[in-house]
Amino acid sequence: MEETYIRQLLAANNICVTEGLQQLFADFVTDPANKNLVNQILENQKRLMDQWALKIRLADLDMQEIVFPNATVGKPYEYRLDMAALQWEDIALLTIDGLDTTGLTYDPATKVVSGIPVISGDMRLALKCRLKKEAEDVPPHEKKIRLVVNPDPRSLWKNVPSDTTDPFWKADVACMQESLGAKQVVAASKRGRSHANNGGFREDDYLVKHWAETGWSLLAVSDGAGSAQYSREGSRLACTFIASYFDECMTAEWLATADRLIKTYNNNLQDKATKALNSFIYETLGNGVLQTHKKIEETAARLNASLNDFHATLAFVLMKQYDFGYAIMSFSVGDGPVGLLDEKEKSVTLLNWLDVGEYGGGTRFITMPEIFSSGQFSSRFNFILMPGFSHLILMTDGIYDPKFEVEANLTRWSAWQRLIADLAGENEGRQKVTLERTAVGTEQELAAWLDFWSVGNHDDRTLMIVY
């Protein structure tokens with residue numbers, strides 16, 4: 001090796017070793033001192049090349065752009081540095097500085113950054129590392145890494161109070177809990193984030209009326225159309241007027257007729273009994289719906305407003321418990337589902353069909369005269385006689401849209417089972433609604449549960465549960 005190096009060195013300096021100098025050259029290259037000098041030169045050359053390779057590798061590392069996946073405040077985050085994919089097999093990672101106040105930590109053993117971010121912003125982190133070939137006492141090199149932590153979307157929504165001086169003002173949140181004989185009912189209605197963000201009003205409404213002396217109960221839910229100027233009042237009037245109608249309608253004669261027809265139906269399911277009961281329901285509930293429409297129309301006229309300004313849906317149930325089961329009459333116009341659940345049988349009976357339209361936007365309202373002339377009007381009424389049930393649920397689309405997503409899910413027991421589990425606390429915030437007869441404060445729990453987060457679903461939310 002020494003001879004080859006010295007020959008190349010001499011040649012590079014235009015020195016030729018002639019035939020007569022061969023013995024002299026042999027003695028020169030075998031001289032221990034000269035051999036040592038050559039070895040020192042070769043070692044220094046190698047050291048220089050290693051230093052150059054190190055500089056090049058560190059420069060490449062410095063120029064390599066590394067951006068961690070975005071994180072979101074309040075949401076669990078985990079990202080593992082894939083050493084092979086990054087081509088970092090020659091790097092020993094030590095620490096990542098800049099995570100102290102973020103809520104995140106770095107585990108050198110697993111190469112994982114994880115935690116729940118507590119602050120948002122464009123973070124500039126410093127990865128302290130060295131190459132594996134470097135000595136352990138070498139000061140670590142610093143690699144800048146970017147991490148964007150997005151704010152919690154919920155924090156971007158404002159909660160501007162509605163105008164309490166407005167003649168049709170209503171509370172932004174309302175809730176109630178009441179006994180219906182052997183059953184309990186809880187209901188809550190909450191202004192949607194889309195309305196709260198600009199100080200708008202809660203457009204939904206509900207009403208519960210129980211006539212303890214007769215055993216009958218009325219459960220009503222209404223959703224005011226957001227595009228209608230006075231829809232918040234329209235939804236309130238829809239519930240109020242249908243309750244007023246039954247207050248007057250339930251005479252001794254009406255009660256006796258209802259009892260007789262329902263008992264006959266229970267004892268004899270022949271066509272004659274069914275037709276008689278259906279006729280009674282259509283006439284009674286249909287007249288109530290028509291009277292409600294007319295009274296809202298009269299209100300609009302008195303205020304020199306258009307009936308369209310009061311657009312609102314209406315779904316209601318008239319229910320009574322007999323010794324042979326529950327008689328349930330219902331009516332619906334709009335897009336709010338009414339579901340009757342039987343946990344023992346794991347079955348759901350949908351008591352209405354929805355006015356959703358082929359491509360959406362097909363909602364109908366109690367304020368629309370055409371619903372009464374439509375050939376579908378009679379199909380808006382329903383009757384069912386059940387030995388028992390676990391839940392009777394009425395809702396507006398503020399619940400239906402995020403929890404069921406599509407109409408087909410309304411007939412699936414699994415979809416309703418998910419809703420019940422959600423109410424029991426199986427949700428992101430572990431918010432629980434205690435649906436037990438002896439529970440106190442269930443209405444407040446339900447009002448809190450209505451604040452669940454669902455991307456793109458920020459409408460008013462109203463939910464009523466008989467259990």
Side-chain angles (χ1 to χ4, degrees), residues 72 74-76 152-154 156-157 186-197 202-204 206 221-227 235 312-315 317 330 332-343 346-365 380 382 390-433 435 446-467:
T72 301
K75 288 190 175 183
D152 183 348
R154 305 175 208 199
L156 303 178
W157 291 91
V186 62
S189 182
K190 193 163 193 173
R191 180 177 64 160
R193 292 185 181 88
S194 58
H195 294 158
N197 197 52
R202 173 170 61 95
E203 309 291 351
D204 284 4
Y206 68 85
V221 166
S222 180
D223 179 0
S227 58
S235 62
T313 68
L314 177 62
V317 167
S330 64
S332 169
V333 58
D335 53 3
V338 181
L340 186 63
L341 280 60
D342 186 343
E343 285 191 338
K346 299 189 182 307
S347 66
V348 57
T349 302
L350 196 60
L351 299 184
N352 65 332
W353 52 269
L354 307 188
D355 292 290
V356 293
E358 185 178 358
Y359 301 104
T363 302
R364 296 291 178 266
F365 305 104
R380 296 184 181 277
N382 207 341
S390 57
H391 304 84
L392 172 60
I393 301 178
L394 296 84
M395 68 184 75
T396 59
D397 61 352
I399 301 294
Y400 158 63
D401 286 339
K403 296 302 182 182
F404 291 88
E405 297 182 347
V406 294
E407 190 176 0
N409 284 334
L410 292 171
T411 59
R412 298 187 175 114
W413 168 250
S414 58
W416 291 90
Q417 195 175 31
R418 283 194 299 271
L419 176 62
I420 297 300
D422 192 325
L423 289 163
E426 293 184 17
N427 52 65
E428 180 185 1
R430 299 302 176 196
Q431 186 66 51
K432 182 179 180 180
V433 182
L435 297 178
L446 182 57
W449 181 88
L450 290 181
D451 202 35
F452 63 82
W453 180 259
S454 177
V455 177
N457 293 297
H458 306 296
D459 199 2
D460 291 352
R461 296 168 178 172
T462 300
L463 185 62
M464 182 181 292
I465 310 169
V466 179
Y467 56 98

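Throughout, numbering of the chain's residues begins at 1 and tracks the sequence.
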Where do Thr396 and Tyr206 land on the side chain to side chain contact (heavy atoms under 4.5 Å, CB included) test, with the steps shown first?
-> CA-CA 10 Å; Thr396 59; Tyr206 68 85; over 6 Å; no
Please check: side-chain N/O of [X] versus main-chain N/O of [Y], any donor-acceptor pairing under 3.5 Å?
X	Y	result
Asn427	Asp422	yes
Asp460	Glu203	yes
Ser235	Ala312	no

Which atom names give the shortest non-hydrogen contact between Asp335 and Tyr400, and what distance separates them?
->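 Closest approach of Asp335 to Tyr400: O-CD2, 4.1 Å.
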Closest non-hydrogen atom pair between Leu350 and Asn382, with its separation |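 Shortest heavy-atom contact: O-ND2, 4.2 Å.
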Measure the [atom1]-[atom2] distance between [X] and [Y] for me, rounded to the nearest 0.5 Å.
X	Y	atom1	atom2	value
Arg191	Asn197	CZ	CG	9.5 Å
Lys403	Ile393	NZ	CD1	12.5 Å
Asn352	Leu340	CG	CG	11.5 Å
Met395	Leu419	CE	CG	5.5 Å
Leu314	Arg364	CG	CZ	16.0 Å
Leu394	Ile399	CG	CD1	12.0 Å

Trace of the ring-ring contact (aromatic ring centres under 6.0 Å, His included) decision for His458 with Trp157 | CA-CA 10 Å; His458 306 296; Trp157 291 91; 4.4 Å; yes
Would a 4.5 Å heavy-atom cut-off, applied to side chains only, mark [X] and [Y] as touching?
X	Y	value
Asp397	Leu354	no
Asn457	Phe452	no
Asp204	Val221	no
Trp416	Asn409	no
Asp355	Arg380	yes
His391	Glu343	yes

Apply side chain to side chain contact (heavy atoms under 4.5 Å, CB included) to Thr349 and Asp342, showing your working.
-> CA-CA 9 Å; Thr349 302; Asp342 186 343; over 6 Å; no
Could you tell me whether Arg154 and Glu428 have a side-chain N and a carboxylate O separated by less than 4.0 Å?
->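 A salt bridge is present here (some side-chain N lies under 4.0 Å from a carboxylate O).
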Test item: side-chain donor near acceptor, Ser189 and Thr462, under 3.5 Å |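 The answer is yes; a qualifying pair exists.
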Do Thr313 and Asp223 get their side chains close enough for a donor-acceptor pair, meaning under 3.5 Å?
->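 No donor-acceptor contact under 3.5 Å links the two side chains.
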Side chain to side chain contact (heavy atoms under 4.5 Å, CB included) involving Asp451 - partner list, sequence neighbours excluded =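 Checked Asp451 against side chain to side chain contact (heavy atoms under 4.5 Å, CB included); matches are Lys190, Arg193.
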Quick one: list whatever passes side chain to side chain contact (heavy atoms under 4.5 Å, CB included) with Ala448, sequence neighbours left out.
->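 Counting only residues at least two positions away or on another chain, Ala448 forms a side chain to side chain contact (heavy atoms under 4.5 Å, CB included) with Gln431.
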Please report the C-alpha distance between Arg412 and Val348 in whole Å, then the side-chain angles of each, then the deciding distance to 0.1 Å, and finally whether the side chain to side chain contact (heavy atoms under 4.5 Å, CB included) criterion is met.
-> CA-CA 7 Å; Arg412 298 187 175 114; Val348 57; over 6 Å; no
Taking everything shown except Gln417 itself, do over 12 heavy atoms lie less than 6.0 Å from its CD?
->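 Yes - once you tally the heavy atoms of other residues, nucleotides and ligands closer than 6.0 Å, there are more than 12.
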